[in-house]
> 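Dropping a structure here in structure tokens format, bear with me for questions.
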Amino acid sequence: MVLKIFFPTCCNTADSGLLIGRWIPGQDSAVVLAVIHYPFIPGQVKKYLSETQNQSQVDLAVLGSWSLPKDGQEGMDSFLKDLSTIFPNSRWLQLSREIGKRGFACQVVHNRITPPDPAQGGTDKKDQIIFIHYDQRKVMLSQLHPIHEESPGEESSELRAVFHTVAQSGPLFLLDRYDEGPLKLTHWQSEGREASIVVELSKQASVPLCIVLTWLVSLWQCGIRILNIWPVQFISSKMSTCVQTAYRTNHFQTVFSTKKATSHMEFMRKANIFVSFLVDMSLGLLLVSWLYRENHISQLANTLVPVADHVAKELQELLEWLMGAPAGLKMNRALDQVLGRFFLYHIHLWISYIRLMSPFIEMILWYVGLSACLGLTFALSVLSDIVALLTFHIYCFYVYGARLYCLKVYGLSSLWRLFCGKKWNVLRQRVDSCSYDLDQLFIGTLLFTILLFLLPTTALYYLVFTLLRLVVVMFQGVIHLAIDLINSFPLFAMGLRLCRSYRLAEGVKFRVLCEEPGTPLHLMMEINPLKCSSVLQRYRTPTYSCYPRDSWVDLCKKLFMGELIYPWKHKTTKTD
């Protein structure tokens, strides 16, 4: 029978005393959690274990003794061995270590008074002992085998039981973190009581702060309920700034909630949102400091109007080129002139609108720049809305061209079915056979001929304005990709992966630590960190996207059929 003893590395140099831990039920394994130093009173040890067991719900017991010889402690081994009668178990582990040697000596004493306990792996056979050293801090803080992921009927494995035992023994590690009690222990948190006090005071101070921030967020949410009214809701759903405001409001409610995170995923989600918010605010403040230094606002305002005039002038030249013989193509002159004059009229209206707004652009940019104080994502959302407003005439051209082109394509397809002796059944949503008389075929032929010869002119205008619209959509898509990256990228999880990779573990590995003759085999249990790709996939925050998520096939089909593409339609994508 192989007896496996999981021993914490922090107890390798502990003073002589008692081993506190737990026998794994159904496994021939023992988990050592702490060492109680000599001198101690057995009654106080039993009381301490009883109080800790009530808080942690873990069956803690005295597994045996630990001996590290020092001057003036002769006869300590025999004294600790006699304590097996005070703390009766089916097995009593006597661990000893000599200074200068890495290996431990272990002797298992079987108690004949107490019958062997199957839960503790009691047996009369000679035991072969293997020591498995583990970093108690890493095992305590890792989430390799969270208990809530176990299925009700699933049998607990040995490794899962070890991690669960260490994770549930938090009260054992926290009772003496502020001051020394009647018993002196060695475990992973034995040192650093001052840091524990600072952390506890920070936690206590954060509670009233979270209450105040939650109250402010509730007031803010009551103020933006006006956005839920139908006309305002329709407009706000098309504006990236309003969507980002609602998105951040939900984040504030999650982060500033006074409820404690009940699971690891909930804690990681709160931490990722909080860190993303801090990074967003920092980048926004840097942008504000750049905008209001050296009069960059005025430079942007003086550049914006000439750029808008230049775009309008280029569009006007493009329309004049389309009204002639573009690329040597012979167009329908009447339809070409009507469409060209129609679009030129819209451009003249837009130029007049830009000239009317030019005196107020600097003031508008000055106030818009202040939105960066709320975060870089707000500034990018405002930039997306400004681009949408400045290119609204291109969007109108695209809508006009798409509607006209779609009307002709669907008209030609319907008339083609007329020639084939079929029609579209609206009730059954299918194509049925139909017989037409001579007058219907004659009128259908005339209409088909007219639409077919007018189609190249309409298709050319539709193609040009669609390409212009796709340029604007791609620019807005880059902006929203940056917003999504800031909102959803798990910065806290990636920081843990780089700095404390044991917090995000996906397995363990063992390596030989010491193999000396006459001593048990010593192994070191190391935690394998989670891959970066898995971290991004598991802890990414759900967010929205303004860019169309259609496949390339569906997108090309929509463009060919003249269907409109609405890149402002927000979709929530869940990734957890």
Side-chain angles (χ1 to χ4, degrees), residues 230-231 234 237-238 319 322-323 325-346 392-474 545-571:
W230 178 79
F234 177 77
S237 63
K238 309 301 180 183
L319 288 174
L322 291 176
M323 292 172 65
L329 298 176
K330 185 173 179 60
M331 312 293 290
N332 186 282
R333 184 165 184 80
L335 181 61
D336 191 14
Q337 293 294 324
V338 170
L339 292 178
R341 292 174 182 176
F342 176 75
F343 291 128
L344 283 175
Y345 176 71
H346 280 73
F392 185 70
H393 55 303
I394 297 178
Y395 178 73
C396 292
F397 295 164
Y398 165 70
V399 171
Y400 299 152
R403 289 302 186 190
L404 188 58
Y405 174 78
C406 180
L407 178 64
K408 292 189 177 183
V409 168
Y410 279 97
L412 288 173
S413 62
S414 179
L415 293 173
W416 178 257
R417 286 194 295 268
L418 183 142
F419 296 149
C420 296
K422 296 180 180 181
K423 70 172 183 178
W424 176 255
N425 193 331
V426 181
L427 297 178
R428 297 181 179 271
Q429 295 294 310
R430 67 183 185 184
V431 177
D432 295 336
S433 299
C434 181
S435 59
Y436 298 94
D437 55 18
L438 186 60
D439 295 337
Q440 291 175 333
L441 291 175
F442 178 72
I443 295 176
T445 304
L446 290 178
L447 293 177
F448 183 83
T449 305
I450 294 173
L451 292 179
L452 183 61
F453 283 104
L454 293 181
L455 182 62
T457 304
T458 308
L460 181 61
Y461 276 88
Y462 169 68
L463 177 62
V464 171
F465 293 135
T466 300
L467 293 178
L468 292 176
R469 179 59 186 163
L470 287 179
V471 171
V472 177
V473 169
M474 290 178 63
S545 176
C546 295
Y547 200 72
R549 297 302 180 102
D550 300 323
S551 63
W552 285 105
V553 177
D554 296 336
L555 189 61
C556 294
K557 181 180 177 181
K558 286 185 177 181
L559 291 177
F560 178 76
M561 296 301 297
E563 298 179 3
L564 292 179
I565 301 175
Y566 296 98
W568 288 340
K569 187 177 181 181
H570 299 277
K571 297 181 180 179

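All values below come from the heavy atoms of this structure, side chains included, with hydrogens, waters and symmetry mates left out.
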> Enter the distance from Lys423:NZ to Arg417:CZ here, rounded to the nearest 0.5 Å.
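These two atoms lie 11.5 Å from each other.
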> Can you tell me if CZ on Phe342 sees more than 12 non-hydrogen neighbours from other groups inside 6.0 Å?
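Yes, the 6.0 Å shell around CZ holds more than 12 heavy atoms from other groups.
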> Looking at side-chain heavy atoms only, is the closest gap between Leu319 and Tyr461 below 4.5 Å?
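Side-chain contact under 4.5 Å: yes.
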> Around atom CZ of Phe453, are there more than 12 heavy atoms from other residues, nucleotides or ligands closer than 6.0 Å?
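No, not enclosed.
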> Working to the nearest 0.5 Å, report the span between CE of Met323 and CZ of Arg341.
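If we round to the nearest 0.5 Å, Met323:CE and Arg341:CZ are 6.0 Å apart.
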> I need the Thr458 OG1 to Asp336 CG distance, nearest 0.5 Å.
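Between atom OG1 of Thr458 and atom CG of Asp336 there are 9.5 Å.
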> Once rounded to the nearest 0.5 Å, what's the spacing between atom CG of Leu335 and atom CD of Gln337?
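Here the interatomic distance stands at 10.0 Å.
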> Without swapping roles, check the side chain of Tyr462 against the backbone of Tyr400 for a donor-acceptor pair under 3.5 Å.
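A pair under 3.5 Å: no.
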> Do Thr466 and Tyr398 touch side chain to side chain, with heavy atoms closer than 4.5 Å?
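Yes. Closest side-chain heavy atoms under 4.5 Å.
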> Got a second to check how far Leu460's CG is from Leu455's CG, nearest 0.5 Å?
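Spacing of CG (Leu460) from CG (Leu455) equals 11.0 Å.
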> Nearest 0.5 Å please: distance from the OH atom of Tyr410 over to the CH2 atom of Trp424.
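Reported to 0.5 Å precision, the distance equals 10.0 Å.
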> My understanding is that only one of Thr449, Leu446, Thr445, Leu451 makes a side-chain contact (heavy atoms from CB on, under 4.5 Å) with Leu415; could you say which?
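Among the candidates, only Leu451 passes.
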